[in-house]
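See structure below.
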Number of protein chains: 2
Amino acid sequence: MDQRIELRHLRYFLALAEELHFGRAAQRLHIAQPALSQQIRQLEKIVGVELFRRTSRSVHLTEAGAAFQPRARNVLDRLAADLDEAGRVGRGEAGRLDVAFITSATAIVSEHLREFSRRRPDVQVKLHDGFTTDVLAALERGTADVGIVRDAEERDDIDLSLLASERFVAVIPTEHPAARCDHVEARVLAADPLILFPRSAGTHAFDMNTQPLRNAGIDVQVAQECSNWHTIIMFVAAGLGVTIAPYSVTTLLPAGARRLELDGPPTVSRIFMATRRGDDRPLLQAFKAASESMTGRDRDRTTRVR
Amino acid sequence: MDQRIELRHLRYFLALAEELHFGRAAQRLHIAQPALSQQIRQLEKIVGVELFRRTSRSVHLTEAGAAFQPRARNVLDRLAADLDEAGRVGRGEAGRLDVAFITSATAIVSEHLREFSRRRPDVQVKLHDGFTTDVLAALERGTADVGIVRDAEERDDIDLSLLASERFVAVIPTEHPAARCDHVEARVLAADPLILFPRSAGTHAFDMNTQPLRNAGIDVQVAQECSNWHTIIMFVAAGLGVTIAPYSVTTLLPAGARRLELDGPPTVSRIFMATRRGDDRPLLQAFKAASESMTGRDRDRTTRVR
DNA sequence: GCTGATCCATAGTTTGAGCTTATTGATTGA
DNA sequence: TCAATCAATAAGCTCAAACTATGGATCAGC
């Protein structure tokens, strides 16, 4: 009585609408003619109107049938495309990947993304930048699938894999007495006001970043906190103080700032890819594979520890 | 093995995607839980990827499932809308109606169409204007569903129903001697060049149109043929001759032309709605009903035979 | 740590929707 | 008038989707 429509009805309808002959349409569908008659009748009952006008001699579409034909075709085509798309998403060939990253790793992130997008052109990548803590939080709550962080600590719910490491360098105003040389001992900077990001943005990263100073026996006191490296370096250029920074954020310096290599035991900043432990979705593995192929290069290129 | 997808799969998938609980989803679908498990498994086999990740404790969508959910919803919604639309077309509540009409009946056609469009706002009306013969040809070959013709003859494959009738009048140049009066005997015009449409545009219409002249014993000779009334009347205004025209095409006359009532036995031009005999589609009946409601008015308004 | 509850999967059985073949009835062309 | 064509109907069959019962895994509570 209250029969539900099924795709079978649409397939049969379309075959008959094209053949306009029950016998031939049934043949094409690999069923017997009465079965087709029954199903078409059933469909007409569901729609509530005649879709074909039959005489015992000919079959043709009614207006309602003619109106329905392209729509039915469309439904089948779209569903086929949707199934395909779902399959591709399941195999990691399409979909969406949320990448959270620290702003200071933009250069490396963009390189890895370029390689990934080349391999998976149908994957839409969404980017979210922030501090290391923000990135890890996004990863935890599922807002991000991949995190790019700097100097994160080991955790049992997060997998880390090294993408690149780079040395720390000092950045000081050009008018600073030490700026005449191209390297400096950390202790020389003990009296200068230190400009750095807040420790809350990533305690371990902060500790790594200040290690050259602590190695020199300096009691680290941040005179001015800034949320991003660009601002920190602008402040240094303005003569407000000095900073210790990962090399890659110092590649382009404004006129008033100068980069100095740090003497003493080498200290490096490490950039990691972070993922949720146990998250083994194909898309993620594809991203890891793409990164893997880049990592060797990056490591060689940016490390250069003295 | 090579199972085909059915809408049942989509319905079950969507229920489970919303409930995320096999028991509850099955309950909502009024089936037992194992049946749902089976069908979902089958769907996953068809798509080729997991759509749900199940633990014995919880169910949640995979990325592929999440991607598929809105699409499946969409397919069902669109199909429902398509079925509804087909039903409405079948009941004559929506669709398309092709109306062919003679240019000289534009005024009446537009009135009837306004009424029809008010009653069937979802029906798209396509208009085609031409001569009576063109209109009838369009009707025959199915290009038009309704024809509006003037003074057509009875035919056994076409149904005619009277929409309006109107008297013939003479149109002559203002400088014509007879133009001083507001009526004229047809024989007075015997010597004037006659401007009229070609007889091939509608033999019966032509004969009706020239009847006032033939009644007066005039041997009808068309001096100048024109394809439409507007041009004919412009030629009259230019002093090139006279014409006999249905009243409604003379409502707006240019400066050089004057309308005169014809003395003698009244002759009328009839405007008919023409349809293919046996064509009883709901949309057509709706159009006929709309016309019916207008016809009384039109007949009264335009006849006024003296 | 055992017990009961919860929940999805599997096994085996039942049922009915959709299929089949055979036939009827209507129309057309020879 | 007869044969051919073609859709509808009738009656029986069959398999897929349903059912019931059960298993196995996980979790909460005493």
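Quantities reported herein were computed from a predicted structural model and do not represent experimental measurements. Residue numbering restarts at 1 for every chain, and letters A, B, ... go by the order of the sequence lines.
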**OP:** Hey, which sits more toward the 5' end of DNA chain C by its nearest nucleotide, H30(A) or H21(B)?
**Re:** H21(B)
Subject >> Gap between atoms CD1 and C1', on I31(B) and dA18(D) respectively (whole Å) >> reply: 8 Å
Original post:
At under 4.0 Å between heavy atoms, what does F52(A) touch on the DNA or RNA strands: base, sugar-phosphate, or nothing?
Top reply: nothing
Subject >> For atom CD of E6(A) and atom P of dG16(C), their distance in whole Å >> reply: 18 Å
Original post:
CZ of R4(A) versus P of dA17(D): gap in Å, rounded?
Top reply: 16 Å
**OP:** Ignoring hydrogens and angles, tell me if any N or O in the side chain of R277(A) forms a donor-acceptor pair with the backbone of I158(A) under 3.5 Å.
**Re:** yes
Original post:
So, is Q42(A) near the phosphate of dG18(C), with a side-chain N or O under 4.0 Å from OP1 or OP2?
Top reply: yes
Subject >> Atom-pair distance (CD1 on I40(B); P on dA9(C)), nearest Å >> reply: 10 Å
**OP:** May I ask you to check whether F52(B) and F13(B) place their ring centers less than 6.0 Å from one another?
**Re:** yes
Subject >> Shortest side-chain distance from S37(A), nucleotide among dA7(D), dC19(C), dA9(C) >> reply: dA7(D)
Subject >> N/O (side chain, Q3(A)) to phosphate O (OP1/OP2, dG18(C)) under 4.0 Å >> reply: yes
Subject >> Test item: side-chain donor near acceptor, R53(B) and T62(B), under 3.5 Å >> reply: no
Original post:
Reading nucleotides 20-27 of chain D from the 5' end, what letters show protein touch, with B for base, S for backbone sugar-phosphate only, - for no heavy atom under 4.0 Å?
Top reply: BB----BS
Original post:
Looking only at side chains, do R119(A) and S293(A) share a donor and an acceptor under 3.5 Å apart?
Top reply: yes
Subject >> Residues forming a side-chain hydrogen bond (donor to acceptor under 3.5 Å, both in side chains) with Q27(B), sequence neighbours excluded >> reply: none
Original post:
Out of dG18(C), dT9(D), dC7(C), which nucleotide sits closest to the side chain of R41(A)?
Top reply: dT9(D)
Original post:
Would you say dC6(D) has OP1 or OP2 under 4.0 Å from some side-chain N or O of R54(A)?
Top reply: no
**OP:** For D129(B), check side-chain hydrogen bond (donor to acceptor under 3.5 Å, both in side chains) against everything at least two apart and list the hits.
**Re:** T103(B)
